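Working notes for the structure below.
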Amino acid sequence: MKKDASNVLFLFLRCSYNQTRSLLCSNCRSSVLKQSADNEKSSVTKFRIRRGFATYGPLNESEIDFENEIVSPKLELYEVHESEEESDQSNEMVEESALNEEEIDSGADIEQLGLLSTKDLFNLVKPNLREGRSLKHYVHSTFHLQVLVSLFGVDLYKVDQKRSDEFTRIFLRTSLQNDVIPRLQLFQTFFNITPRDFGIIIGKCPNILEHPIASVNDTLNHLKKMNFPAGRCKLMIMKHPRCLVMSPALVDDTLSILQRMTNLPAEDVKNIVMMTPRLLTANLDLVAANRDMFRDRFLFTVEDFHRALLLCPEILLNKRESLEEIFAYLKNEMNVSNELISHSAEVFKNNLRNIKTLHQYLKFLRRDQFNRDKPLYVSLKHFARQPLNVCENLNLNREHMIKFMKTL
């Protein structure tokens with residue numbers, strides 16, 4: 001039994017070694033090609049990898065040579081910031097891996113892997129197996145990815161952070177002429193949309209690039225026929241592009257269900273959907289549960305619930321535990337009525353820690369007054385923001401608040 005397990009482990013490590021070896025070889029070849037191209041002063045893409053968040057260089061369509069498939073070398077396609085020390089350590093790891101590759105190649109026999117310990121083999125293959133799915137390994141050699149970054153501003157780093165292999169495959173197999181350009185032209189017939197706006201859309205929902213363009217056109221036409229204002233409709237799509245992969249019939253059914261759930265007029269349902277387009281693709285069981293919570297547990301009247309919903313539709317999508325904690329604190333610690341909460345429902349978008357911090361500081365100053373008819377009244381709307389961001393509006397000393405927060 002132990003022998004069989006050892007054979008299986010060795011086969012896995014052998015396959016992993018082959019994958020690692022190909023990755024290292026490709027990295028080495030890329031470095032050699034880049035260095036030789038620089039020496040010949042040819043126009044090649046500048047590629048820098050760092051850790052942190054991605055930023056990109058100046059964007060200009062004139063810097064892209066579509067005929068020769070070349071992007072200006074001054075554009076930074078996948079840059080992630082890190083300290084110089086971390087950068088040096090990363091470079092040393094790559095160089096060390098390349099040296100290890102050269103040493104193993106000189107052995108001319110993969111069976112030499114048997115001489116290494118299991119731990120050494122695992123440490124050799126693990127980093128490259130983890131990084132192999134990142135778009136940063138393709139952007140410097142794939143022209144359409146370079147264009148998506150430089151012209152459309154697609155943030156490949158954020159796409160990688162979603163850790164979706166399907167999104168990675170979509171971006172790798174997409175075509176500029178067949179997928180990207182036709183959909184951009186379609187969007188421009190409905191809205192005043194720029195390539196950068198379109199880049200935000202496909203960055204959030206790459207599935208649009210493979211969803212049939214006729215279906216996208218039908219959904220856009222349907223939204224137009226429903227008299228959604230063009231400007232707000234564009235903002236709604238940029239917030240939540242997934243609504244465009246829905247069929248017109250599914251959009252109508254979802255709006256009808258939301259109207260029955262909330263007992264709001266059709267026009268008000270359209271307004272809350274434009275404010276929070278995630279309602280179109282949300283779990284309707286969660287929406288129904290949150291509605292019942294406000295009515296049955298929080299004892300909101302129909303009028304108060306509708307007022308809160310029109311101000312903050314996100315209450316239908318928030319986690320149940322978060323809603324319960326915030327409501328309990330508002331009622332038990334701050335002695336706020338349901339009517340007052342409904343006028344400032346945005347407070348549910350904040351977290352309990354921020355609400356507690358601001359309330360305790362106001363209580364320390366003896367300014368925890370939430371009754372409109374009394375002096376030194378403080379609106380609950382301030383509790384929807386970070387505590388330090390309301391200092392100017394409430395005439396509070398920022399430095400004093402920071403010192404107070406350190407005591408909590």
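Keep in mind it's a predicted model, so treat the numbers as computed, not measured. The residues of the chain are indexed from 1 along the displayed sequence.
Between Lys403 and Glu399, no side-chain nitrogen of the basic residue sits less than 4.0 Å from a carboxylate oxygen of the acidic one, so the salt-bridge criterion is not met. Taking a cutoff of 4.0 Å between a charged side-chain nitrogen and a carboxylate oxygen, Glu166 and Arg173 qualify as a salt bridge.
Legend: residues meeting side chain to side chain contact (heavy atoms under 4.5 Å, CB included) with Thr262, ordered by chain and number and at least two apart, are Leu264, Val269, Leu309, Leu316. Under the rule for a ring pair (Phe, Tyr, Trp, His ring centres under 6.0 Å), Phe191 has no partner lying at least two apart in sequence or in another chain. Applying the ring pair (Phe, Tyr, Trp, His ring centres under 6.0 Å) rule to His400 yields the partners Tyr361; only residues at least two apart in sequence or on another chain are considered.
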*Go through Arg297 and Glu324 one step at a time and tell me if the salt bridge (Lys or Arg N to Asp or Glu O under 4.0 Å) criterion holds.*
CA-CA 9 Å; Arg297 294 200 57 186; Glu324 289 178 335; 2.3 Å; yes

*From CA spacing to verdict: side chain to side chain contact (heavy atoms under 4.5 Å, CB included), Phe327, Phe348*: CA-CA 8 Å; Phe327 179 78; Phe348 287 105; 4.3 Å; yes

*Candidate pair Thr189 and Gln185, rule side chain to side chain contact (heavy atoms under 4.5 Å, CB included), full reasoning*: CA-CA 7 Å; Thr189 61; Gln185 293 172 341; 5.8 Å; no

*List the steps, then state whether side chain to side chain contact (heavy atoms under 4.5 Å, CB included) holds for Leu358 with Met401.*
CA-CA 9 Å; Leu358 181 57; Met401 179 183 282; 4.1 Å; yes

*Phe152 and Ile200: side chain to side chain contact (heavy atoms under 4.5 Å, CB included), yes or no, with the steps?*
CA-CA 8 Å; Phe152 293 90; Ile200 294 174; over 6 Å; no

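Sorted by first and then second residue, the salt bridge (charged side-chain N to carboxylate O under 4.0 Å, His left out) pairs with a member in residues 266-295 read Glu267-Lys270; sequence neighbours excluded.
Considering CG of Leu186 and CG of Asn221, their distance stands at 8.0 Å, rounded to 0.5 Å. In this structure, CG on Asn263 lies 8.5 Å from CD on Gln259, to the nearest 0.5 angstrom. Once rounded to the nearest 0.5 Å, the distance linking CG of Leu396 with SG of Cys391 reads 5.5 Å. Expressed to the nearest 0.5 Å, how far CG of Leu135 lies from OG1 of Thr142 amounts to 9.0 Å. To the nearest 0.5 Å, atom CD1 of residue Ile213 and atom CD1 of residue Ile208 are 11.0 Å apart. Atoms CZ and CG, from Arg183 and Leu244 in turn, are 11.0 Å apart once rounded to the nearest 0.5 Å.
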Show which side-chain atoms of residues 227-241 pair as donor or acceptor with protein atoms under 3.5 Å away, not counting sequence neighbours.
| residue | atom | partner | partner atom | Å |
| --- | --- | --- | --- | --- |
| Lys234 | NZ | Asn192 | O | 2.8 |
| Lys234 | NZ | Asp197 | OD2 | 3.3 |
| Lys239 | NZ | Met275 | O | 3.2 |
| His240 | NE2 | Thr281 | OG1 | 2.6 |

Donor-acceptor pairs under 3.5 Å, side chain of residues 372-379 to any protein atom, not counting sequence neighbours: which ones?
| residue | atom | partner | partner atom | Å |
| --- | --- | --- | --- | --- |
| Ser379 | OG | Lys381 | N | 3.2 |

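The number of heavy-atom neighbours closer than 6.0 Å to NZ of Lys224, taken from other residues, nucleotides and ligands shown, is 12 or below.
Remark: of the listed residues Ile355, Leu340, Asp368, Ile341, Ile355 is the sole one forming a side chain to side chain contact (heavy atoms under 4.5 Å, CB included) with Met334.
Looking at heavy atoms from C-beta onward, Leu408 lies out of side-chain contact with Lys356 at the 4.5 angstrom threshold. Contact annotation: the side chain of Phe294 never approaches that of Leu299 to less than 4.5 Å [non-hydrogen atoms, C-beta and beyond]. No side-chain heavy atom of Thr301 sits under 4.5 Å from any side-chain heavy atom of Asn338. The side-chain heavy atoms of Met405 and Thr357, taken from C-beta on, include a pair separated by under 4.5 Å. Val336 has its side chain out of reach of Lys331: every pair of non-hydrogen atoms, C-beta onward, lies at least 4.5 Å apart. Within the 4.5 Å cutoff, side-chain heavy atoms of Phe190 are placed close to those of Asn217. Using a 4.5 Å heavy-atom threshold, the side chains of Ser322 and Ile326 count as touching. Residues Glu314 and Glu346 fail the side-chain proximity criterion, which asks for heavy atoms closer than 4.5 Å.
Residues Ala282 and Val287 approach most closely at CB-CG2, 4.4 Å, considering heavy atoms. Closest non-hydrogen pair, Val149 versus Val154, comes out as CG2-O, 3.7 Å. Residue Val216 comes nearest to His211 through the heavy atom pair CG2-CD2, 3.7 Å, listed as atom of the first residue, atom of the second, then distance. Contact between Thr194 and Leu184 at its shortest, heavy atoms only, is O-CD1, 4.3 Å. Here the closest heavy-atom approach between residue Thr254 and residue Met246 is recorded as OG1-CE, 3.8 Å. Ile170 and Pro206 get closest at one heavy-atom pair: CG2-O, 3.5 Å.
No donor-acceptor pair under 3.5 Å is formed between the side chain of Arg260 and the backbone N or O of Leu255. Using a distance-only test at 3.5 Å, with no hydrogens or angles considered, a donor-acceptor pair links the side chain of Thr407 to the main chain of Phe404. Side chain of Ser247 to main chain of Leu250: a donor-acceptor pair is present (N/O by atom type, distance under 3.5 Å, no hydrogens or angles). At distances below 3.5 Å, not a single donor-acceptor pair connects side-chain atoms of Asp304 with backbone N or O atoms of Phe300. For Asn290 (side chain) and Ile315 (main-chain N/O), a donor-acceptor pair under 3.5 Å exists by modelled atom type. In this structure, the side chain of Asn389 does not engage the main chain of Arg385 through any donor-acceptor pair within 3.5 Å. A side-chain donor-acceptor contact under 3.5 Å links Thr219 to the backbone of Ser215.
Using cut-offs of 30° and 60° on the angle between ring planes, the pair Phe383 and His359 is tilted.
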